Amino acid sequence: MATQAAGKGRAANTKDWSAAQYLKFAEQRTRPSRDLLAQVPLAAPKTIIDIGCGPGNSTEVLAKQWPDAQISGIDSSPNMIETARKALPNLQFAVADLMDYTPEEPVDLLFSNAVYQWIKFEDRIPIMKRLVESLKPGGVFAFQVPDNHTEKSHEAMRTVAENGPWSATLSQLKPALGPFQTPFELYNELKPLCSSVDIWHTNYQHPLEGHEGIVEWVKGTGLRPFIDPLSAEQREGFLAAYLGKLKELYPSCNDGSVLLRYPRLFLVAVRA
Ligand SMILES: C[S@@+](CC[C@H](N)C(=O)[O-])C[C@H]1O[C@@H](n2cnc3c(N)ncnc32)[C@H](O)[C@@H]1O
C-alpha cells in the first residue's frame with residue numbers, strides 16, 4: 001500500500017531513534033501490542049497501517065495475526081524504518097511524519113503501539129480525529145501509550161534535570177513528554193466520530209536487572225529528550241545522578257531484580 005511521504009519533520013523528538021537500544025527490551029515492549037490487538041473487533045481486515053511502527057516489532061504482531069492482509073508501517077525515524085525493512089522484507093515501510101500523514105485510501109485498521117505520547121499534547125486530538133476520519137466505516141483506530149508521567153521513574157528524570165550543571169541547557173527545551181490526555185477527554189473527543197470507544201489501563205511490572213536495568217530501559221525512550229541535548233560529559237553525569245535517584249526510590253527484590261511498574265493506556269475505537 002502506498003503511503004504519503006514524510007512531511008515537515010515536526011515530530012517532538014529531535015534526534016533519530018536507536019532501534020538497537022529500543023530492542024534491548026523487545027519482548028516487554030511488544031507485549032502491549034498483543035494485548036491491544038486482542039481487543040480489536042475485526043475478523044479479517046484487508047488493509048492495515050502500523051503507525052509509528054518502529055523497528056517492525058508491532059508490525060510483525062499484526063502480520064502473524066492476519067498473514068493475508070495488506071500491511072504497511074510508517075515511522076518518522078529513518079533508522080527504525082531501515083531496521084523494519086530488514087526484519088520484514090515482504091511488508092511495505094515508509095518514512096512519514098504523523099503530523100501530516102493521512103493514508104491515501106480508507107483502511108480497515110490503524111494500529112499504533114507506543115507512539116502518540118511522542119506527539120505534542122495539543123496536536124494529538126486533531127491527528128487522531130483526522131486518522132479516524134480516514135478509516136472505512138466500521139474500521140478500527142487502536143492505540144496504546146505509556147501513561148507514566150507521575151511514575152517514580154519519570155518524576156526522577158525531571159528532578160535530576162532541574163538539579164545539575166545541565167539544568168540551564170534542559171530548561172531551554174521543553175521535553176515533549178507531559179501527561180497524556182485522560183480517558184474522559186479521549187472519549188469525549190472521539191465518540192462523536194465512532195460507534196464505540198473502549199478505553200482501559202494495564203499496569204505491567206517488569207523485573208529488570210537492578211537499577212541499571214531501569215536506566216537502560218528508559219534510555220531507549222523516555223530519557224531521550226533529557227540526555228540527547230547534553231554533551232557526552234554531561235550525559236554521563238546526568239545518568240549517574242539518575243541512577244542514584246532510582247536507588248533511593250526502588251527497592252531491590254530478593255534475587256536482585258528491580259520491579260519497574262509501567263502503566264499503559266489502551267484505546268480501541270470503531271468508526272461509525
Ligand atoms: C516507542 S517506539 C514504538 C515502536 C513500535 N510501534 C512498538 O510497538 O514497539 C515509538 C516510535 O514512534 C515513532 N514516532 C515518534 N514520533 C513520530 C511521528 N511524529 N510520526 C511518526 N512516527 C513517530 C518513533 O520514531 C518510534 O519509532
Side-chain angles (χ1 to χ4, degrees), residues 3-38 40 48-65 71-88 91 93-103 109-128 130-131 141-148 154 175-178 180 202 204 206 216-225 228 262 264-267:
T3 48
Q4 197 168 296
K8 305 167 207 117
R10 286 161 64 206
N13 41 320
T14 50
K15 212 171 153 186
D16 196 9
W17 283 66
S18 159
Q21 181 69 30
Y22 186 71
L23 286 172
K24 280 185 187 167
F25 298 94
E27 172 49 33
Q28 295 95 323
R29 296 200 199 280
T30 308
R31 179 170 158 189
S33 297
R34 293 194 287 270
D35 295 347
L36 177 63
L37 186 57
V40 170
I48 302 173
I49 301 178
D50 185 11
I51 293 184
C53 59
N57 51 326
S58 43
T59 328
E60 188 176 13
V61 170
L62 293 163
K64 277 192 178 144
Q65 173 85 6
I71 301 175
S72 56
I74 65 125
D75 200 288
S76 56
S77 158
N79 183 266
M80 287 293 200
I81 288 294
E82 197 189 324
T83 309
R85 282 187 179 133
K86 282 186 193 143
L88 300 164
L91 302 185
F93 292 97
V95 176
D97 193 325
L98 255 179
M99 290 303 296
D100 51 17
Y101 172 77
T102 309
L109 173 60
L110 289 170
F111 189 88
S112 212
N113 188 52
V115 179
Y116 289 104
Q117 76 276 18
W118 292 103
I119 303 293
K120 279 197 231 142
F121 189 93
E122 63 274 19
D123 292 332
R124 289 179 195 144
I125 296 290
I127 290 175
M128 288 180 191
R130 193 179 75 228
L131 290 174
F141 176 73
F143 75 81
Q144 175 282 125
V145 285
D147 201 6
N148 49 11
H154 286 61
L177 304 181
F180 206 80
T202 298
Y204 297 87
H206 298 301
E216 278 307 303
W217 176 290
V218 293
K219 251 164 80 179
T221 53
L223 207 52
R224 295 184 50 240
D228 282 356
Y262 213 84
R264 294 182 183 268
L265 167 74
F266 295 75
L267 181 144

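Computed from a predicted structure; not experimentally measured. Start at 1 and go down the list; that is how both ligands and their atoms are numbered.
- Within the set G54, P146, G222, G52, the minimum heavy-atom distance to atom 6 (N) of ligand 1 is found for G52.
- Atoms of ligand 1 lying under 4.0 Å from at least one heavy atom of D97, given by number and element, are 18 (C), 19 (N), 20 (N).
- Per-residue contacts place V115 under 4.0 angstrom from the following atoms of ligand 1 (heavy atoms of the residue considered): 12 (O).
- Here is the list of ligand 1 atoms found below 4.0 Å of a heavy atom in I119: 19 (N).
- Residue N113 touches ligand 1 through backbone and side chain together, judged by heavy-atom distances below 4.0 Å.
- Backbone and side-chain nitrogen or oxygen atoms of D50 are examined, and none is located within less than 3.5 angstrom of a nitrogen or oxygen of ligand 1.
- The aromatic rings of F143 and F141 sit perpendicular to each other, their planes meeting at more than 60°, with 30° as the lower class boundary.
- Side chains of N113 and S33: a donor on one and an acceptor on the other come within 3.5 Å.
- The residue S112 has no part lying near ligand 1, judged by heavy-atom distances below 4.0 Å.
- Across the listed options W118, F143, F25, W118 owns the non-hydrogen atom lying nearest to atom 15 (C) of ligand 1.
- One finds the CG atom of D50 at 9.0 Å from the CG atom of L109 (value rounded to the nearest 0.5 Å).
- Close approach of ligand 1 to M80 is summarised as follows: ligand atoms under 4.0 Å from at least one heavy atom of the residue are 27 (O).
- When each atom of ligand 1 is checked for a heavy atom of N57 under 4.0 Å away, the hits are 5 (C), 7 (C), 8 (O), 9 (O).
- Using a 4.0 Å cut-off between a side-chain N of Lys or Arg and a carboxylate O of Asp or Glu, K219 and E216 qualify as a salt bridge.
- Residue contacts with ligand 1 for P32 are absent, since no atom lies close enough (heavy atoms, distance under 4.0 Å).
- Salt bridge annotation for R31-E27: absent, with no cationic side-chain nitrogen under 4.0 angstrom from a carboxylate oxygen.
- Distances below 4.0 Å separate heavy atoms of L98 from the following atoms of ligand 1: 18 (C), 19 (N), 20 (N), 21 (C).
- Under a 3.5 Å cut-off, the side chain of D97 and the backbone N or O of S76 do not form any donor-acceptor pair.
- Considering each of S33, S76, P55, the one bringing a non-hydrogen atom nearest atom 14 (N) of ligand 1 is S76.
- Between the side chain of Q117 and the main chain of V115, a donor-acceptor pair closer than 3.5 Å is present.
- Every atom of ligand 1 with a heavy atom of A114 under 4.0 Å away is listed here by number and element: 1 (C), 2 (S), 3 (C), 10 (C).
- Taking every heavy atom of both residues into account, A87 and P55 meet most closely at CB-O, 4.2 Å.
- Of the heavy atoms in I74, none comes closer than 4.0 Å to ligand 1.
- Of the inter-residue distances, the one linking L131 atom CG with T102 atom OG1 reads 6.5 Å to the nearest 0.5 angstrom.
- A donor-acceptor pair is defined here as one N or O able to donate and one able to accept, closer than 3.5 Å; such a pair exists between the side chain of R124 and the backbone of I119.
- Using a 4.0 Å cut-off to heavy atoms of A96, the atoms of ligand 1 that qualify are 20 (N), 21 (C).
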